[in-house]
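Because the structure is predicted, anything quoted here is derived from the model rather than measured.
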Amino acid sequence: CNLQPKDAAKMPESAWKLLFYTLSWSYGTYLLFFTDYPFFYDPPSVFYGWKKGMDVPTDIAIAYLLQCSFYGHSIYATAYMDTWRKDSVVMLLHHVVTLTLIAFSYAFREAGEGCPGQEVVLGEAALGLTPPPGSPLNPPCSLCPGRFWFRLYWFPLKVLYATCYSSLQSVPNIPFYFFFNALLLILTLMNIYWFLYIVLFVAKVLMGQMQEVNDVREYDVEDSKKT
């Protein structure tokens, strides 16, 4: 593809994430819009009839298995395989928090909670089904309005509303209420953090400080030497 060596080194990471997000987003879309689950249009329904030890439907269990596998691998990949960026520490924390949420929500049979949560996480695919910002495949993908729509609008509207408010209405003594919601709020703060990178990118472009499209999360040459 006539890529520069720096971009060619990041190609495997971007291509892999593009492939996974495309497949997982498609499966999440199938669960929410092509089955009888009402989770997307009626978020509180994730807690209707909840009880300890309840069965998890096979199709939702498959989604949990896929997501656990991906984020378990992502912890290792971010630390040892992917290009190290200014937000890599936050990315590692994100993967740990997400994996914890998925595993514990499955273990405590709050599977419904995970399904819309996964769709919002999988909403990265709705950012245009594109790789991470700065990718050689599509550098300006972070500017897609989907990033704001899914992470800063639908995530609080669908997921936080259901877990913070509706859960107590349906199951007053639901276990680990503060544990789950604390982790979800941490994810929200991370979404705001990454959105600020987009704002910074736009500001630099508008002020003429960037002559070409670069990932503002990347270390420049001087920073790399110091690092």
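- Hydrophobic clustering of Ile, Leu, Val, Met, Phe, Trp and Tyr side chains at less than 4.5 Å, counting indirect connections, keeps Tyr48 apart from Leu32.
- Considering every non-hydrogen atom in both Tyr71 and Ile102, the closest pair reads CD1-CD1, 4.1 Å.
- Here the straight-line distance linking atom CG of Leu187 with atom CZ of Arg151 works out to 10.0 Å at 0.5 Å rounding.
- A search for side chain to side chain contact (heavy atoms under 4.5 Å, CB included) contacts involving Phe178 returns nothing, not counting sequence neighbours.
- Remark: Ala61 engages Val56, Tyr106 in a side chain to side chain contact (heavy atoms under 4.5 Å, CB included) (not counting sequence neighbours).
- Atom OG1 of Thr98 and atom CD of Gln67 lie 9.0 Å apart (nearest 0.5 Å).
- A donor-acceptor pair is defined here as one N or O able to donate and one able to accept, closer than 3.5 Å; no such pair exists between the side chain of Lys158 and the backbone of Pro43.
- Tyr27 places a side-chain N or O within 3.5 Å of a backbone atom of Asp59 that can act as its donor or acceptor partner.
- Rounded to the nearest 0.5 angstrom, Leu18 CG and Met11 CE are separated by 10.0 Å.
- When the side chains of ILVMFWY residues are joined at heavy-atom separations under 4.5 Å, either directly or via intervening members, Leu189 and Leu183 end up in two distinct hydrophobic clusters.
- No donor-acceptor distance shorter than 3.5 angstrom exists from the side chain of Ser88 to the backbone of Trp84, with no hydrogens or angles considered.
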Starting from the C-alpha separation in whole Å, work towards a yes-or-no answer on side-chain contact (heavy atoms from CB on, under 4.5 Å) for Thr163 and Phe47.
CA-CA 9 Å; Thr163 59; Phe47 296 103; 4.3 Å; yes
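- Phe180 and Ser105 get closest at one heavy-atom pair: CE2-N, 3.6 Å.
- Nearest heavy-atom pair, Ser166 versus Pro44, reported as atom, atom and distance to 0.1 Å: OG-CG, 3.3 Å.
- Annotation: the span from Met91 atom CE to Arg85 atom CZ amounts to 7.0 Å, rounded to 0.5 Å.
- Here Tyr177 pairs with Cys164, Ser167, Leu168, Ile174, Asn181 under the side chain to side chain contact (heavy atoms under 4.5 Å, CB included) rule; sequence neighbours left out.
- Here the straight-line distance linking atom CG of Asp87 with atom OG1 of Thr78 works out to 9.5 Å at 0.5 Å rounding.
- Across Val46 and Ala162, no two heavy atoms sit closer than the pair CG2-CB, 4.2 Å.
- Of all non-hydrogen atoms in Leu31 and Ala63, the two that sit nearest each other are CD1-CB, 3.9 Å.
- In the hydrophobic cluster analysis, where Ile, Leu, Val, Met, Phe, Trp and Tyr join through side-chain heavy atoms closer than 4.5 angstrom, Tyr161 is grouped apart from Leu157.
- Remark: Tyr165 pairs with no residue by the side chain to side chain donor-acceptor pair (under 3.5 Å) rule, at least two apart or across chains.
- Between Phe70 and Tyr21, the ring planes are perpendicular. Angles over 60° get that label, and only those under 30° would be called parallel.
- With a 4.5 Å cut-off on side-chain heavy atoms, Lys86 and Tyr197 count as touching.
- The neighbour count for Gln4 CD, taken as heavy atoms of other residues, nucleotides or ligands under 6.0 Å away, does not exceed 12.
- For the ring pair (Phe, Tyr, Trp, His ring centres under 6.0 Å) criterion with Tyr37, the lone passing option out of Phe33, Phe39, Phe40, Phe34 is Phe39.
- Sorted by first then second residue, the salt bridge (charged side-chain N to carboxylate O under 4.0 Å, His left out) pairs that include residues 23-45, not counting sequence neighbours, number zero.
- Within the 4.5 Å cutoff, side-chain heavy atoms of His73 are placed close to those of Met81.
- Put simply, Leu93 and Leu185 are part of the same group of oily side chains (I, L, V, M, F, W, Y) that touch within less than 4.5 Å, one to the next.
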Output, in order, the C-alpha distance, side-chain angles, deciding distance and verdict of ring-ring contact (aromatic ring centres under 6.0 Å, His included) for Phe179 and Phe104.
CA-CA 10 Å; Phe179 173 74; Phe104 274 80; 5.2 Å; yes
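- By the criterion of side-chain heavy atoms lying less than 4.5 angstrom apart, applied directly or through intervening Ile, Leu, Val, Met, Phe, Trp or Tyr residues, Leu65 is not grouped with Phe20; the two fall into different hydrophobic clusters.
- To the nearest 0.5 Å, the span separating CG on Asp82 from OG on Ser14 amounts to 8.5 Å.
- Counting non-hydrogen atoms of other residues, nucleotides and ligands closer than 6.0 Å to OH of Tyr30 gives a total of 12 or fewer.
- A search for side chain to side chain contact (heavy atoms under 4.5 Å, CB included) contacts involving Leu196 returns nothing, not counting sequence neighbours.
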